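Computed from a predicted structure; not experimentally measured.
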Amino acid sequence: MDDNIVAISTALGVGAISIIRLSGKEVIKVTNSIFKGKDLETVGSHTINYGYIIDDDKEVIDEVLVSVMKSPKTYTKEDVVEINCHGGIATTNKILELILTKDVRLAEPGEFTKRAFLNGRMDLTESEAVMDLLESKTESARLLALSNLQGKMHKMIDGFRNSLKDLISAVEVNIDYPEYYDIEVVTTEKIKEQVNKMKSELKEIIKESKNTKVIKEGIDTLIIGRPNVGKSSILNQFLDEEKAIVTDIPGTTRDIVEGQVILNGVSLNIIDTAGIRNTEDKVEKIGVEKSLSLINQADLVIVVLNGSEKLTKEDQEILEKIKEKTAIIVINKNDLKQKIETEKLKDYILVSTNTNQIEGIKPLKEKIIELFELNQICQKDFTYFSNIRQLSKAKEAYQKLIDVEEGIKRNLPIDMIEIDLKACFDLLGEIIGKTYSEEILDHLFEKFCVGK
């Protein structure tokens, strides 16, 4: 933490500008030694300074703007310098190489944000939200990341911890003055009331956090069915482009075809599969086996049936395989004379991929929105646990609250109940980084890009 670090903070390549970021105690002095312009050690904080970067032989490398930001009001709470140079690999790398000859080392992935956390600039949920914001591909994902970056999760967890702190303090008083029986009675009642309230609130947040994966990663959607039932046409209509080849020849799609579309602010990661049928064609057979193997990995399975034909043995086998999955049964070609035995199906929707049909696959989109409650997701305040680490700690903390209630019911000694209260307090602290291990930090920040 005492050394100076540097990294390129913009994508390397041809562009208008590149930004080289430095952080540490000596970065202003270091930058000043290679800068021709104002004396950077005397300029005010949060100023932009025009000049040139020069090498040790006083040769000009590039015309630049240098932003000087002095501790503690910076991203890392250390002195920070950002060099805005002309974009381009050669120029950017030349300046970086020059800086690395000084008392500066290359930053590790996520090290700027890691320093921001260690210096108290942000908590662990806010640090994780930084990367979520960089990776967000939809408006919902952006809002979720922004909610945590603004500290909404931190405030909620802090509220729980403050309530637990009050309860633990009350228990300590009770332990110090055991001769006063009425103190124990009052303390126990207070614990029951507060723990019940916290348990309800935490349970609701855990429940709502099931939406996190959908918001951040989207819905992995598998389109499956026999050959020539309209799977590829459904994919093409979703994407509004001819992504998959559509012909009347069975077995046209032999491998998976993927596409992505945004539906109500959430990404649908769609996979069109090879038609499921018995075949002697080796290549097609591999495609069929791959299609079936993807069923277990999908969040949503769309089974496409041909409404103009009766259910076949292959249809029945597919329906059997998706019984335990979140699935939508789609009867396609409803513009033709219907022969399919709908009485054998529990639930289904009718669509037509005929390009002359204005409605097309609109009923399918509406069903997905309904099934995953996408309208409700987009209207909520996005105070969710944003990853598995946070959610698992929250569930452990919730279980400790249950243990507290059970302990009270069994009339356990108040100091035994305090153990579970403290455990819950610590687990909630791990969510926001009040307590942490170096191993957790290293694992978390190694996923960041260099320069952030």
Side-chain angles (χ1 to χ4, degrees), residues 5 7-13 15 17-21 23 75-76 82 87 106-118 121-154 156-157 205 208-221 239 258-271 297-300 372 374 377-378 380-394 430-433 436 439-452:
I5 58 173
I8 300 168
S9 290
T10 47
L12 202 56
I17 61 167
S18 288
I19 298 175
I20 300 169
R21 174 185 286 178
S23 182
Y75 184 72
T76 61
E82 290 185 353
L106 192 65
E108 297 172 357
E111 190 167 1
F112 289 93
T113 305
K114 185 177 182 179
R115 289 190 176 202
F117 165 70
L118 292 173
R121 166 71 171 73
M122 57 179 66
D123 78 356
L124 212 50
T125 59
E126 291 163 346
S127 300
E128 290 170 314
V130 170
M131 198 60 198
D132 288 342
L133 194 58
L134 293 176
E135 293 180 340
S136 59
K137 297 176 182 176
T138 66
E139 179 66 5
S140 297
R142 183 188 71 83
L143 291 173
L144 172 61
L146 194 60
S147 173
N148 281 339
L149 189 59
Q150 291 174 333
K152 290 184 179 181
M153 180 59 67
H154 178 95
M156 184 189 73
I157 297 297
I205 296 297
E208 293 295 339
S209 294
K210 73 180 188 299
N211 297 322
T212 297
K213 182 184 181 297
V214 170
I215 293 171
K216 289 176 64 176
E217 302 173 21
I219 303 168
D220 292 337
T221 306
L239 302 178
E258 300 180 63
Q260 190 178 68
V261 65
I262 305 301
L263 184 63
N264 272 41
V266 171
S267 172
L268 285 189
N269 310 314
I270 308 173
I271 299 175
Q297 301 173 29
D299 300 314
L300 170 65
F372 286 88
L374 299 188
I377 286 177
C378 295
K380 291 179 180 176
D381 66 357
F382 293 98
T383 307
Y384 301 145
F385 296 111
S386 65
N387 55 47
I388 295 298
R389 184 195 69 81
Q390 295 175 14
L391 189 56
S392 64
K393 292 298 177 185
E430 288 183 44
I431 294 175
I432 57 178
Y436 60 88
E439 184 180 358
I440 288 175
L441 289 190
D442 290 343
H443 178 68
L444 191 155
F445 288 106
E446 70 185 6
K447 298 177 182 178
F448 277 58
C449 53
V450 175
K452 190 58 182 173

*Asks:* For R142, which residues count as a salt bridge (charged side-chain N to carboxylate O under 4.0 Å, His left out) partner, sequence neighbours excluded?
*Replies:* E139
*Asks:* By side-chain contact (heavy atoms from CB on, under 4.5 Å), which residues pair with I205, not counting sequence neighbours?
*Replies:* M156, S209, F385
*Asks:* Of all residues at least two apart in sequence or in a different chain, which pass the ring-ring contact (aromatic ring centres under 6.0 Å, His included) check with F445?
*Replies:* F448
*Asks:* Quickly, which of N211, L300, V266, L268 forms a side chain to side chain contact (heavy atoms under 4.5 Å, CB included) with F372? Name it, please.
*Replies:* L300
*Asks:* List in chain and number order the residues that pass side-chain hydrogen bond (donor to acceptor under 3.5 Å, both in side chains) with N387, two or more places apart in sequence or in another chain; answer none if no residue qualifies.
*Replies:* E128
*Asks:* Kindly write out the residues that satisfy side-chain contact (heavy atoms from CB on, under 4.5 Å) with E217, not counting sequence neighbours, or none if the list is empty.
*Replies:* K213
*Asks:* Using side-chain heavy atoms (C-beta onward) and a distance below 4.5 Å, is N269 in contact with E258?
*Replies:* no
*Asks:* Partners of E126 by side-chain hydrogen bond (donor to acceptor under 3.5 Å, both in side chains), sequence neighbours excluded?
*Replies:* none
*Asks:* K216: what forms a side-chain hydrogen bond (donor to acceptor under 3.5 Å, both in side chains) with it, not counting sequence neighbours?
*Replies:* D132
*Asks:* Restricting to ring-ring contact (aromatic ring centres under 6.0 Å, His included), what partner residues turn up for Y75, sequence neighbours left out?
*Replies:* none
*Asks:* Sequence neighbours left out, what passes side-chain contact (heavy atoms from CB on, under 4.5 Å) with T10? Give chain and number order.
*Replies:* I8, S18, I19
*Asks:* Can you tell me if S392 uses its side chain to pair, donor with acceptor, with the backbone of R389 under 3.5 Å?
*Replies:* yes
*Asks:* Any heavy-atom pair between the side chains of D220 and I271 that's under 4.5 Å?
*Replies:* no
*Asks:* Under the side-chain hydrogen bond (donor to acceptor under 3.5 Å, both in side chains) rule, collect the residues that match up with S23, sequence neighbours excluded.
*Replies:* T76, E78
